[in-house]
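For reference, the structure is listed below as structure tokens.
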Amino acid sequence: MLLLRIPITNDNSTHFPLFPHTTLMRKRIALLPGDGIGPEVMAEAVKVLDAVAKKFKHSFTYEEAPVGGAAFDVCGEHLPQSTLDVCRRSDAVLYGSVGGPVNAQDQLKWKDAEKHAILGIRKALNLSINVRPAVVYNSLAHLSPLKDRIIEKGVDILIIRELLGDVYFGERGTKGKRAWDVMDYTEDQIAPVIEFACQAARKRRKNVTVVDKANVLDTSRLWRKVAGDISPRFSDVAVEFLYVDNACMQLVTHPSRFDVIATSNLFGDIVSDVAATLPGSLGLMPSASLGNKVHLFEPIGGSAPDIAGRGVANPVAQILSAGLMLRHSFGMESEAVAIESAVKQAIEQGARTGDIALKGEAVLGTKEMGDRIALLIDR
Ligand code: NAD
């Protein structure tokens, strides 16, 4: 079922702006809440986007479409064509999460639901670059599994991962007692990742670490060559190289040394999950997947069936994903910063959902956390 939400307008009272000239930008957003906590946290992200639209005088129109188990219930598929159509006619896709309980994966509704949905969308929208921030908030540093003396130096890492190449998409096969997955890259696949990483570093601490295994792999040597070709155009950015095994060690012993990491699909899969442990909860971590035209934004966590339907999930990852959407799809940097600042402020003021609360701390529900953040945008 498709649901077209009423546009949020600059005067917040009618379906269409009374004074269109005061609306700075109009954007159409596909909402794919998915399963489990997806719809609960998505509602909070929309609440915050509405607050941004009001404050900055933009107009956001939402079109909702089912994906995953929610889509299977309606039409027997995890990624219906109608949902892809909604994505393609939108300016960006805000995705929730897909999947059922881990012990129900053999049911048709849940079997490969996550894979069908996200791989299908990745392919359809040609999402080739994944962007994952890993930030440890000072007031939540105690949640990190690392020692205080390591965490107190600060963690603010941006991981840029190639998404459509490598062993996942190379030639593969099994013959008797032999199996193979070919690691395959072209310069054209690598260049946009390095470019994106250098551009992102320029707005941050101006350091890019290319993670590879160039002591062994030809594909890694190609990554180094492409990085070497591109980096002179970014003379203000320092580009260094690190073997993936060393990078994983340093992520847990010395994470403050990293600014932007650029890497291949396989190494990015591993490195980004190592970094994901640093903030202490999946409920805090957003991501972006960038394509040719329409980009997709989603929390890195799953559908959390263990807490779904109870109104206790942390909406921050979904809200920060909306922030990434404003930055990377709409070029709304101030608006993205407004969301990130509101989240940081809410956390610094002590707003806690169950996943980030210490024993004895007051715990907010999903809606209350969303309210707090939306209110801070309004100010
Ligand atoms: P999960 O990420 O759903 O949950 C792991 C743990 O983190 C759970 O204890 C959960 O309660 C907690 N958690 C996750 N997000 C949270 C939030 N926002 N607030 C508070 N706590 C949160 O991983 P899982 O249990 O291994 O997988 C459940 C389902 O999600 C599976 O079907 C899996 O396939 C799917 N999944 C989907 C995606 C996706 O759609 N992108 C990603 C990962 C897993």
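Numbering of residues begins at 1 and proceeds along the displayed sequence. Just follow the structure's listing: the first ligand is 1, and inside any ligand the first atom is 1.
Apart from Leu108 itself, the hydrophobic cluster it occupies contains Phe72, where clustering links Ile, Leu, Val, Met, Phe, Trp and Tyr at side-chain heavy-atom distances under 4.5 Å.
Counting only heavy atoms of the protein, atom 36 (N) of ligand 1 lies nearest to Glu114 OE1, 3.3 Å. Here the protein heavy atom with the shortest distance to atom 31 (C) of ligand 1 is Gly100 O, 3.4 Å. Protein heavy atom in closest approach to atom 7 (O) of ligand 1: Leu282 CD1, 3.7 Å. Remark: minimum distance from atom 41 (N) of ligand 1 to any protein heavy atom is reached at Glu298 OE1, 3.3 Å. The closest protein non-hydrogen atom to atom 10 (C) of ligand 1 is Asp306 OD1, 3.4 Å. At the top of the distance list for atom 27 (O) of ligand 1, counting protein heavy atoms only, stands Val102 CG2, 4.2 Å.
For the salt bridge (Lys or Arg N to Asp or Glu O under 4.0 Å) with Asp236, the lone residue among Arg202, Lys203, Lys206 that qualifies is Arg202.
In this structure, Asp91 does not pair ionically with Arg28, as no charged nitrogen and carboxylate oxygen lie closer than 4.0 Å. Salt-bridge check for Glu240 with Arg257: passed, with a basic side-chain N closer than 4.0 Å to an acidic carboxylate O. The existence of a salt bridge linking Arg327 and Glu335 is excluded, since no basic side-chain nitrogen approaches an acidic carboxylate oxygen closer than 4.0 Å. In this structure, Arg221 does not pair ionically with Asp212, as no charged nitrogen and carboxylate oxygen lie closer than 4.0 Å.
Considering backbone and side-chain atoms together, Ala304 places an N or O closer than 3.5 Å to an N or O of ligand 1. At least one N or O atom of Gln105 sits closer than 3.5 Å to an N or O atom of ligand 1. Where the criterion is an N or O separation shorter than 3.5 Å, residue side chain and backbone included, Ile37 fails it with respect to ligand 1. Considering backbone and side-chain N/O of Val98, one or more are found under 3.5 Å from N/O of ligand 1. Some N or O of Asn314 is nearer than 3.5 Å to an N or O of ligand 1, by distance alone.
Of the listed options Ile307, Val41, Asp35, Ile307 places a heavy atom closest to atom 22 (C) of ligand 1. Proximity annotation for atom 23 (O) of ligand 1: of Gly302, Pro305, Gly96, Gly302 comes nearest, heavy atoms only.
Residue-level proximity to ligand 1 for Asp355 is carried by the side chain, the only part with a heavy atom below 4.0 angstrom. At a heavy-atom cutoff of 4.0 Å, ligand 1 is contacted by no atom of Ser281, backbone or side chain. With a heavy-atom cut-off of 4.0 Å, Gln318 does not touch ligand 1 at all.
You'll find the side chain of Ile160 reaches within 4.5 Å of the side chain of Ile129, heavy atoms only.
Taking the six-membered ring where the residue is Trp, the centroids of His328 and Phe196 are separated by under 6.0 Å.
Ser303 counts as a contact of ligand 1, since one of its heavy atoms falls under 4.0 Å from the ligand.
In the vicinity of Gly283, heavy-atom distances shorter than 4.0 Å reach the ligand 1 atoms 17 (C), 18 (N). Close contacts between ligand 1 and Gly99 involve ligand atoms 32 (O) [criterion: under 4.0 Å to a heavy atom].
The side-chain hydrogen bond (donor to acceptor under 3.5 Å, both in side chains) check on Lys55 picks up nothing, with sequence neighbours excluded.
Trp180 carries Arg178 over the face of its six-membered ring, with the cationic atom under 6.0 Å from the centre and within 45° of the normal.
With hydrogens and angles left out, the side-chain atoms of Asp181 and Tyr168 include no donor and acceptor closer than 3.5 Å.
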